[in-house]
Every structure is written in C-alpha cells, then in structure tokens.
Enquirer: 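My questions will all concern the structure given below.
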Amino acid sequence: QWQTGDMIVPRQGVPVNGDWDNQLIAGVDTGKYFLFVPSDWEAVFGSSPTTGIYNVVQLRNSEVIWQGQIYIWNYAGSRPEIGIPDGFEQGRRHPGDVSAPGQWQTGDMIVPRQGVPVNGDWDNQLIAGVDTGKYFLFVPSDWEAVFGSSPTTGIYNVVQLRNSEVIWQGQIYIWIYAGSRPELGVPDGFESGRRHPGDVSAPGQWQTGDMIVPQ
C-alpha cells in the first residue's frame with residue numbers, strides 16, 4: 001500500500017467560521033451555527049450550495065470529530081438582521097435539536113460523507129416494461145467499505161445522496177446473488193436493490209452516481 005516517496009497531505013474541505021452568534025436566537029449560541037463561503041463549498045462539493053440537508057464529515061486539525069447531517073441556508077446575500085456578513089452563508093447540525101453551542105470552531109473543515117456509489121441506469125429484465133431507476137446496482141466491496149461488513153440479502157435503513165445532498169432516507173431491500181444473474185441483467189461483480197417495501201419503489205428514483213450511506 002505504501003512506497004518510499006509517497007506523500008501524506010491533509011484532507012481539504014470547506015473551512016468554516018464558528019466564532020459567530022446568530023442574532024435571531026436569544027442568548028449566546030456561539031459555535032451552534034457556522035459561516036462558510038459559497039465558492040469554498042463549490043470547490044469541494046462540485047456544485048453551488050443550495051438550501052437543504054447534506055451528509056458531511058466535520059474535521060478539526062485534519063481529524064474526524066463528527067459525521068452526520070447538516071442543514072445549510074443559502075440567502076445569496078448579506079443578512080444583517082441575523083449577523084451574516086456579505087459573502088457568507090450559514091449552517092448547523094441537523095435536525096435542530098441535535099445542534100448546540102460549541103460544536104463548531106473557526107478552522108473546522110466540512111467534507112462530503114462518502115457512500116456506496118450506485119448505478120441507476122439499469123432495467124430489471126424480470127419486470128415487464130421499462131423500470132430504469134426503480135432498481136440500482138452496486139459493488140459489494142464498496143458496500144463493505146462504507147457499512148463495515150459484507151452486504152447480505154435484507155432490509156437496511158439508509159440515506160440516499162445526490163451531489164452530496166440528501167434526497168431521500170428510508171429502507172431499501174438488497175439482493176445478494178454472489179454472482180452474475182444474466183436473466184435479470186445483473187452483470188458479474190454487481191448486486192441489486194430498491195426502496196422498501198416494493199410498493200414505494202418506482203422508476204426514476206435512482207440515478208447513476210447516487211450514494212448510499214447508513215442512516
């Protein structure tokens with residue numbers, strides 16, 4: 001895994017300012033909310049920030065101190081009534097009842113929380129008609145790297161990410177065949193899944209590049 005001359009560098013992320021007190025909240029709440037620069041977010045996440053929920057890892061001095069969901073607000077301008085200076089946006093841990101003062105410090109970094117990449121451009125050959133995006137394919141080794149154990153047939157509670165943004169969370173059902181299933185159209189090295197129960201699954205729910213993380 002390592003060779004002489006390999007280099008180790010800190011993992012880069014979105015730097016935040018945690019030394020900030022939200023002026024709409026009574027009392028002092030420094031470190032409950034954070035400020036960030038949208039261009040920093042875009043450089044790390046690959047797209048401009050939009051108001052919503054994201055799955056992230058929080059780093060301090062290059063060490064992981066927390067991972068989970070955050071909620072960010074994108075006002076696209078200063079909000080003096082809140083105390084947000086021009087050029088910054090704000091966020092906090094999500095949901096609100098898990099956020100508290102002191103959680104964020106200036107210099108902390110936010111990076112996307114990695115998940116199991118899926119292929120949604122797949123039509124289950126056992127289902128009549130076109131159902132692209134109703135089922136997804138994934139590589140078992142990717143699953144094990146994220147969930148910590150090999151996947152087994154059954155129900156899992158997960159979060160579905162698209163461009164690092166949470167678009168859905170709930171139960172999925174995965175099938176482990178441990179080999180190709182040409183009658184289904186599952187290629188060798190892949191397994192399949194869908195939302196659970198079956199009556200809540202529908203075409204178009206999954207896109208190639210979506211990520212699955214544990215809920």
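As the structure is a computational prediction, the values presented were derived from the model and not from experiment.
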Enquirer: What I'd like to find out is whether the side chain of Pro214 reaches to under 4.5 Å of the side chain of Asn157, using heavy atoms alone.
Expert: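 Side chain of Pro214 against side chain of Asn157, heavy atoms only: no contact under 4.5 Å found.
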Enquirer: Should Glu42 and Pro38 count as side-chain neighbours, where that means a heavy-atom distance under 4.5 Å?
Expert: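 Side chain of Glu42 against side chain of Pro38, heavy atoms only: no contact under 4.5 Å found.
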Enquirer: Grouping I, L, V, M, F, W and Y whenever their side-chain heavy atoms are under 4.5 Å apart, do Phe190 and Val118 come out in a common cluster?
Expert: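 No, Phe190 and Val118 fall in different hydrophobic clusters.
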Enquirer: Is the shortest heavy-atom distance from the side chain of Trp206 to the side chain of Arg195 under 4.5 Å?
Expert: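 When only atoms from C-beta onward are counted, Arg195 and Trp206 do touch, with a gap below 4.5 Å.
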Enquirer: Is there a side-chain contact between Trp175 and Tyr135 in this structure, where contact means two heavy atoms from C-beta onward sitting under 4.5 Å apart?
Expert: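 They are in contact (side-chain heavy atoms under 4.5 Å apart), so the answer is yes.
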Enquirer: Mind checking ring-ring contact (aromatic ring centres under 6.0 Å, His included) for Trp143 and listing every partner two or more places apart, or none if nothing turns up?
Expert: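 With neighbours one apart ignored, the set is Phe138, Phe147, Tyr156.
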Enquirer: Rounded to the nearest 0.5 Å, what's the gap from CG on Asp131 to OG on Ser201? Could you check?
Expert: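 Rounded to the nearest 0.5 Å, the CG-OG separation comes out at 9.0 Å.
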Enquirer: Starting from Val98 and following side-chain heavy-atom contacts under 4.5 Å between hydrophobic residues (I, L, V, M, F, W, Y), which residues can be reached?
Expert: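 Answer for Val98: none, a lone residue.
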Enquirer: Any pair with a residue in residues 199-215 that passes salt bridge (Lys or Arg N to Asp or Glu O under 4.0 Å), sequence neighbours left out, goes on the list, sorted by first then second residue, please.
Expert: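 Applying salt bridge (Lys or Arg N to Asp or Glu O under 4.0 Å) to every pair that reaches into residues 199-215, excluding sequence neighbours, yields Arg162-Asp210.
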Enquirer: With a 4.5 Å cut-off on side-chain heavy atoms, are Trp168 and Val158 touching?
Expert: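 Yes, at least one pair of side-chain atoms sits under 4.5 Å.
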Enquirer: Could you tell me if Ser47 and Asn163 have a donor-acceptor pair between their side chains, going purely by distance under 3.5 Å?
Expert: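 No pair is found: no donor N or O on one side chain lies under 3.5 Å from an acceptor on the other.
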Enquirer: Using only heavy-atom distances, determine whether the side chains of Thr208 and Asp121 contain a donor-acceptor pair under 3.5 Å.
Expert: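 Looking only at side-chain atoms, Asp121 and Thr208 do form a donor-acceptor pair, the distance falling under 3.5 Å.
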Enquirer: Looking at side-chain heavy atoms only, is the closest gap between Phe34 and Ile110 below 4.5 Å?
Expert: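 Of all side-chain heavy-atom pairs linking Ile110 with Phe34, at least one is under 4.5 Å.
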Enquirer: Can you confirm whether Thr153 sits close enough to Ile174 that some side-chain heavy atom of one is under 4.5 Å from a side-chain heavy atom of the other?
Expert: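 Not touching, per the 4.5 Å side-chain cut-off.
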Enquirer: Given the rule in the side-chain contact (heavy atoms from CB on, under 4.5 Å) test, do Val213 and Leu161 qualify, once you have shown the distances and angles that lead to the verdict?
Expert: CA-CA 8 Å; Val213 298; Leu161 308 177; 4.0 Å; yes
Enquirer: Quick one: pull up CD in Glu89 and CH2 in Trp73 and give me the separation to the nearest 0.5 Å.
Expert: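 Answer rounded to 0.5 Å: 11.5 Å.
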Enquirer: Rounded to the nearest 0.5 Å, how far apart are CG of Leu35 and CD1 of Ile84?
Expert: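 Reported value, rounded in 0.5 Å steps: 6.0 Å.
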Enquirer: Looking at every heavy atom in both Gln90 and Ile82, which two are closest together, and how far apart are they?
Expert: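 Here Gln90 and Ile82 meet closest at NE2-CD1, 4.2 Å.
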Enquirer: Are Pro151 and Ile176 close enough that some pair of their side-chain heavy atoms sits under 4.5 Å apart?
Expert: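 Counting from C-beta outward, Pro151 and Ile176 do come under 4.5 Å.
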Enquirer: What's the shortest heavy-atom distance between Gln160 and Gln205, and which atoms?
Expert: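 Taking every non-hydrogen atom into account, NE2-O, 2.9 Å.
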